[in-house]
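What's counted below: heavy atoms across the whole structure, side chains too, no hydrogens, waters or symmetry copies. Keep in mind that what you see is a predicted model, and the values were worked out from it rather than measured.
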Amino acid sequence: MRKIFFIILFLSVSSFALTLNQVRADLKNASVSGDSVEMKIRTTVNTTSGKQVVSVYVVQKSKSKMYSEIKTSFMNQRTVVNGNRMKVIDLNTNKVQLLPYNGEALEALSYTRFNPLDSGDWKEPMFVSENLYSIEGPKGILYYDAKKKRIEKMESTDEKKSVLTTFAYDGEGKFKSMNVVVNANGVETSVFTEILLLRSSEKFPDRLFEF
């Protein structure tokens with residue numbers, strides 16, 4: 001009887017075991033589709049030499065239509081992609097370049113990558129406590145809340161530096177910001193990224209892709 005009890009207990013625990021595929025699916029369901037998104041982002045980089053602010057506006061409407069604007073202290077640029085053509089505008093000088101587009105990722109899109117599990121070889125989740133699981137991968141150890149279905153933090157440490165990334169959410173559980181703190185040789189650098197707008201690009205005017 002005791003043996004049967006432990007077999008039932010083992011099967012019950014196994015049936016509720018969290019898998020990496022399930023985590024990835026839950027995160028994908030909770031996000032706006034990458035092929036249909038309108039997003040405003042502000043990234044603030046704090047270093048010992050000062051502060052740099054990067055403002056990014058990105059619209060993607062299918063894989064063949066993209067619109068982005070990047071503004072920093074040294075650059076103010078708009079890029080429009082339509083099919084295999086790309087228009088790049090320097091908004092400070094109004095200089096325009098018309099270029100072929102072969103599918104390479106736009107610089108602005110690098111600021112929209114918040115999910116570490118989108119790439120790399122990650123291990124299966126390991127139970128930590130209550131609803132918290134750890135997932136080890138090439139970028140460090142990620143901590144995932146299975147009940148809230150969201151990433152809480154990620155950390156990595158080696159001989160040269162330590163990196164702690166924390167994720168914040170609003171009252172409705174929607175992703176709001178990400179803060180990366182790097183400590184190398186006693187020198188701390190932080191990169192704080194906040195989402196100012198995140199929604200479907202369905203209502204974005206198609207005429208703005210035309211040139």
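- Clustering ILVMFWY residues whenever any of their side-chain heavy atoms sit less than 4.5 angstrom apart, transitively, puts I41 in the very cluster that holds V54.
- With sequence neighbours excluded, the residues forming a ring pair (Phe, Tyr, Trp, His ring centres under 6.0 Å) with F127 are Y133, listed by chain and number.
- Put simply, CD on E210 and NZ on K65 are 7.0 Å apart, with the number rounded to the nearest 0.5 Å.
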Practice prompt. Applying side-chain contact (heavy atoms from CB on, under 4.5 Å), run through M39 and T112 and close with a yes or a no.
Written response: CA-CA 8 Å; M39 187 181 298; T112 68; 3.7 Å; yes

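- The cationic atom of R150 (NZ for Lys, CZ for Arg) lies less than 6.0 Å from the six-membered ring centre of Y169 and within 45° of the ring axis.
- If you chain together ILVMFWY residues whose side-chain heavy atoms come under 4.5 Å of each other, L132 ends up grouped with V128, I141, Y143.
- Closest heavy-atom contact between T79 and Q77: OG1-NE2, 3.5 Å.
- Residues P138 and D121 come closest through the heavy atom pair CD-O, 3.3 Å.
- Residues W122 and I135 come closest through the heavy atom pair CZ3-O, 3.5 Å.
- A pairwise comparison of heavy atoms in P116 and K139 identifies O-NZ, 4.1 Å as the closest pair.
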Practice prompt. Given side-chain contact (heavy atoms from CB on, under 4.5 Å), test L98 with R85 step by step and report yes or no.
Written response: CA-CA 7 Å; L98 296 178; R85 299 178 303 141; over 6 Å; no

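- Y144 meets the ring pair (Phe, Tyr, Trp, His ring centres under 6.0 Å) test with no other residue; sequence neighbours excluded.
- For the residue pair Q52 and S73, a side-chain donor N or O sits within less than 3.5 Å of a side-chain acceptor on the partner.
- Relative orientation of the Y57 and F204 rings is tilted, given thresholds of 30° and 60° on the angle between their planes.
- Put simply, the side chain of N82 gets close to the backbone of F209: a donor and an acceptor are under 3.5 Å apart.
- In this structure, F167 and F175 have tilted ring planes: the angle between them lies in the 30° to 60° band.
- Atom CZ of R113 is separated from atom OG1 of T193 by 13.0 Å, given to the nearest 0.5 angstrom.
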